[in-house]
Amino acid sequence: ILAQTPSSSSMSPPSNEGDGRPMPSSSNQQTSRQATGVSPNMRNDTTMMPISQQMPSQRTIALWNEVANGIDKNQTVVWKNAVDSLSEASRYLLISQDARIFVESYMKPVISILLEQQPHKIGQMERNCVEESLKLAVIIVTDDLKVKDQPSSGECLILEVLAMVFNRKKMFYKGPKQNWNTNMAGLPEVRTQMISKFRAIKGFHTLGIYLSHRTAHITFPSLEILHHILFAIVQAIGPVLNSPDLDLKKQWEKELIQVATAAMDYMRNSTEEALKKLCHDDLTTIRNDLQQFFDRLDYTQRTETLAFYQFFRNFGLKLIASQSLPLKLYGWDTVTDLIEASTELRPPPKMFIVSGAGTKFVNGPYTCATQTNEDGFVKPGTDIRYEHHVLNNDPELKNKKITLFRCTMRSQQKWWFLSEADEDQPGTDKDIDYYQHKSKKHEESEPPLSGWVTCKNSGTDPAPILEAKGLMVPIGEEYNTMEHQLAKWAIENRIIELVLGSSIHREVVARSIPLIRFLAFMCTKDDPSPADEDSTMLGPNAHCLQVAHLTLAWKTCTSKLDSAVSAEVYQLLVSILPSLPDDLAIKLLTSIQLSLHGTEDDRDYLFEVAEFCSALADMNPNEMEAIGSNNNPIITAGIS
């Protein structure tokens with residue numbers, strides 16, 4: 001007999017008070033109640049069956065009652081009874097109200113008890129019982145989803161069981177907390193098998209249909225249930241992407257995408273009042289689940305990934321345009337996450353120009369040698385490398401290939417190298433290293449432009465500097481990256497004007513700084529090359545921070561606002577100065593300087609200018625150094 005652990009003892013069978021769900025106590029009582037979700041078509045189909053196949057036997061009903069009594073009295077279930085009761089329930093679910101009553105009332109506590117078992121404390125027979133019960137639960141949920149596809153068919157009351165089966169934190173999967181002298185691991189592979197089983201019996205397809213019909217309905221599952229389901233599709237997409245069967249792969253991708261799309265539609269359809277009632281952390285968890293899933297699809301289903309990020313941006317806009325301050329502030333946190341996500345998906349440069357190296361043959365163009373898909377995109381997360389083929393008449397240098405690549409060191413730090421890689425064992429001590437860069441975390445994604453050092457054994461001082469050129473994208477997509485799309489969204493929806501408008505709030509101003517810095521970065525992101533006729537955007541640096549935005553910010557400072565809001569805007573202007581291109585910084589500071597000479601209202605703004613200068617003087621020295629590196633003479637001389 002299994003006893004439920006204290007950590008999950010609160011898991012009890014559903015009450016029959018308030019929700020209309022019957023609780024089985026005896027066979028006679030059960031058969032007098034109306035079961036939910038028994039398809040009329042299914043009942044008609046069974047009329048030609050022998051009576052013994054239509055209805056469960058008294059022995060089966062007695063088994064269900066025995067399991068129910070064990071759970072009701074002391075939260076226990078016999079190993080074999082768990083399997084047998086679920087097997088019989090699966091057999092009769094669609095034709096017997098007794099089976100449905102048992103499943104909707106007692107499958108959840110049965111599965112909960114099983115998932116709280118510690119694998120190292122039970123034998124192989126018991127572990128087999130757990131696995132077989134989980135498989136049956138997956139089958140039962142799938143069958144129920146099929147007959148509940150429409151809201152008019154009722155709610156799938158056992159969907160929470162599927163979420164439990166997919167919950168990676170259950171004891172049976174993760175095991176107890178590890179100690180230094182013990183090794184009591186769980187069985188996470190069983191969870192993976194359950195996800196694969198659900199996919200194999202077209203459970204995700206059925207679930208996608210169920211959810212898509214309820215995105216604006218009260219029966220849409222809770223965010224907690226949704227999280228466990230979405231996290232399962234994140235794990236399921238791995239084997240799908242590796243499938244050699246292209247047709248099957250596309251089918252599976254479509255089924256998983258349908259589930260994710262339903263979750264997006266639910267969030268999109270939620271009213272402001274509904275969003276107020278949802279926990280922001282839970283919303284963020286769902287959004288992160290979706291992001292992980294679609295980021296993994298970027299290589300094979302880029303259109304779907306683009307659609308997700310469009311949803312991501314529009315959901316952020318919905319939040320920051322809300323009348324609710326908590327939602328508005330959460331929306332700005334969402335925008336910050338958007339910036340980070342768009343940056344992580346930035347395509348690598350198409351080439352690097354290496355110059356200034358003391359070892360002359362290292363200098364020159366390095367072209368990207370990383371494999372791309374048929375559309376010309378590099379797979380996200382792939383280690384990128386660049387190659388330079390030395391052109392020289394010297395026989396010793398002829399056909400020499402220098403590689404620019406990233407290597408994970410024994411310390412797990414990731415350094416960049418300019419090396420002559422060994423043909424058989426590249427990335428090992430057999431390489432001839434000329435220059436290296438001990439990269440920090442933010443420098444690991446692509447080769448740093450400066451800060452290189454000479455490798456003493458092979459390289460010659462001075463160390464080189466690098467210059468990035470172009471992006472590894474198809475022709476016409478140069479100005480349509482996730483960053484470009486985010487910048488376009490911000491400018492076209494007048495997000496900065498929304499921040500500094502009539503409903504300005506100091507907390508909103510503070511949270512808008514990352515976006516304004518990002519838009520300042522976009523001013524100089526693109527090479528000033530001629531716009532391609534096939535480009536889906538206007539051209540280089542088409543959507544970015546404008547002088548009008550800075551002027552609006554300064555006017556906001558000089559208007560009759562409360563001092564707290566003004567101080568926050570001063571801080572905003574000062575904090576973005578290190579990110580501004582020279583021309584924008586000079587125009588901003590010139591505008592501030594001219595305020596000292598009076599304006600159309602015959603008023604000078606000495607106090608406001610003094611407040612700005614005070615904020616500027618209080619700037620962190622490291623930020624001031626960054627400003628100085630922009631060579632803005634007005635910062636050091638104009639204001640004075």
Side-chain angles (χ1 to χ4, degrees), residues 267 270 272 275-276 278-288 291 309 311-344 442 482-483 485-523 543-546 548-557 559 561-580 584 588 611-612 615-616 618-620 623 626:
M267 295 174 69
S270 297
E272 184 171 315
L275 289 172
K276 287 180 183 178
L278 298 177
C279 173
H280 293 172
D281 288 344
D282 291 342
L283 279 173
T284 300
T285 298
I286 297 300
R287 200 192 67 227
N288 288 341
Q291 183 181 338
Y309 276 95
F311 154 78
F312 197 166
R313 293 188 294 270
N314 290 338
F315 186 67
L317 179 61
K318 179 178 183 176
L319 293 171
I320 64 178
S322 165
Q323 297 302 310
S324 164
L325 182 60
L327 283 181
K328 196 185 295 282
L329 297 180
Y330 173 62
W332 278 103
D333 292 337
T334 300
V335 171
T336 301
D337 292 340
L338 254 174
I339 296 170
E340 181 178 342
S342 300
T343 301
E344 288 179 355
H442 68 279
M482 294 297 183
E483 290 176 309
Q485 292 184 32
L486 178 58
K488 183 179 181 182
W489 166 84
I491 298 301
E492 291 185 347
N493 288 285
R494 300 176 62 82
I495 303 298
I496 297 179
E497 289 84 350
L498 199 62
V499 173
L500 301 173
S502 58
S503 59
I504 187 171
H505 190 281
R506 61 184 301 269
E507 290 294 334
V508 172
V509 174
R511 282 169 167 78
S512 70
I513 291 176
L515 177 66
I516 298 176
R517 282 178 174 166
F518 168 76
L519 291 174
F521 160 75
M522 293 301 293
C523 291
H543 298 96
C544 59
L545 195 66
Q546 305 293 330
H549 298 137
L550 301 174
T551 303
L552 176 61
W554 178 245
K555 285 183 177 179
T556 302
C557 292
S559 63
L561 298 171
D562 66 70
S563 58
V565 173
S566 295
E568 204 63 59
V569 180
Y570 291 136
Q571 204 59 46
L572 180 150
L573 290 172
V574 168
S575 65
I576 67 171
L577 269 173
S579 307
L580 293 180
L584 284 186
L588 168 64
E611 288 290 296
F612 174 80
L616 187 61
D618 290 339
M619 184 182 293
N620 183 291
E623 292 184 338

Can you confirm whether I320 sits close enough to V499 that some side-chain heavy atom of one is under 4.5 Å from a side-chain heavy atom of the other? no

Rounded to the nearest 0.5 Å, the OH atom of Y309 sits from the CG atom of L338 at a distance of 8.0 Å

Taking atom NZ of K276 as the centre, does the number of heavy atoms from other residues, nucleotides or ligands within less than 6.0 Å exceed 12? yes

Checking side chain to side chain contact (heavy atoms under 4.5 Å, CB included) for the pair M267/I286: CA distance, chi angles, key distance, verdict? CA-CA 9 Å; M267 295 174 69; I286 297 300; 3.8 Å; yes

With sequence neighbours excluded, tell me which residues meet side chain to side chain donor-acceptor pair (under 3.5 Å) with E483. R346, K525

Check whether any side-chain heavy atom of P514 sits under 4.5 Å from a side-chain heavy atom of V335, and report yes or no. no

Side chain to side chain donor-acceptor pair (under 3.5 Å) partners of W554, counting only residues at least two apart: S595

Suppose we screen for salt bridge (charged side-chain N to carboxylate O under 4.0 Å, His left out). Which residues come up paired with D333, at least two apart in sequence or across chains? R511

State, with a plain yes or no, whether a side-chain heavy atom of L550 is found less than 4.5 Å away from one of I576. yes

Rounded to the nearest 0.5 Å, the CG atom of L329 sits from the CG atom of L319 at a distance of 10.5 Å

Compare all side-chain heavy atoms of T556 with those of V509 and state whether any distance is below 4.5 angstrom. no

Using a 4.5 Å cut-off on heavy atoms from C-beta on, say whether the side chain of R287 contacts that of D337. yes

Partners meeting side chain to side chain contact (heavy atoms under 4.5 Å, CB included) with L278 (sequence neighbours left out): L223, Y266, L275, L283

Grab the two heavy atoms, one from L580 and one from A520, that are nearest each other, plus how far apart they are. CD2-CB, 3.9 Å

Could you list the residues that satisfy side chain to side chain contact (heavy atoms under 4.5 Å, CB included) with E611, not counting sequence neighbours? Y570, F607

Could you list the residues that satisfy side chain to side chain donor-acceptor pair (under 3.5 Å) with S322, not counting sequence neighbours? E272

Starting at CZ of R494, measure out to CG of L317 and round the result to the nearest 0.5 Å. 13.0 Å

May I have all residue pairs that pass salt bridge (Lys or Arg N to Asp or Glu O under 4.0 Å) and include part of residues 321-331, sequence neighbours excluded? none

Can you tell if the side chain of F312 reaches within under 4.5 Å of the side chain of Q291, non-hydrogen atoms only? yes

Any salt bridge (Lys or Arg N to Asp or Glu O under 4.0 Å) pairs touching residues 563-576, not counting sequence neighbours? R506-E568

When rounded to the nearest 0.5 angstrom, what is the spacing between NE2 in H549 and CG in L584? 10.5 Å

Could you pull out all residues at least two apart from A487 that satisfy side chain to side chain contact (heavy atoms under 4.5 Å, CB included)? F518, L519, M522, H543

Provide the closest heavy-atom pair for L616 versus V574 in the form atom of the first, atom of the second, distance. N-CG2, 3.7 Å

For the residue pair N314 and F311, establish whether any side-chain heavy-atom pair is separated by less than 4.5 Å. no

Considering residues at least two apart in sequence or located in another chain, which fulfil the side chain to side chain donor-acceptor pair (under 3.5 Å) criterion with E344? none

Run the ring pair (Phe, Tyr, Trp, His ring centres under 6.0 Å) test against H280 and tell me which residues pass, sequence neighbours left out. Y330

Stepwise, does the side chain to side chain contact (heavy atoms under 4.5 Å, CB included) test hold for S512 with W332? CA-CA 7 Å; S512 70; W332 278 103; 3.9 Å; yes

Using the test side chain to side chain contact (heavy atoms under 4.5 Å, CB included), find all partners of A553 that sit at least two apart in sequence or belong to another chain. L500, V569, L573

When rounded to the nearest 0.5 Å, the distance separating CG of L572 from CD1 of I513 is 4.5 Å

Using every non-hydrogen atom in the two residues, find where S575 and R517 come nearest and quote the distance to one decimal. O-NH2, 3.2 Å

Main-chain N/O of C544 paired with Q546 side-chain donor or acceptor, under 3.5 Å: yes

Is the shortest side-chain heavy-atom distance between V508 and L498 below 4.5 Å? no

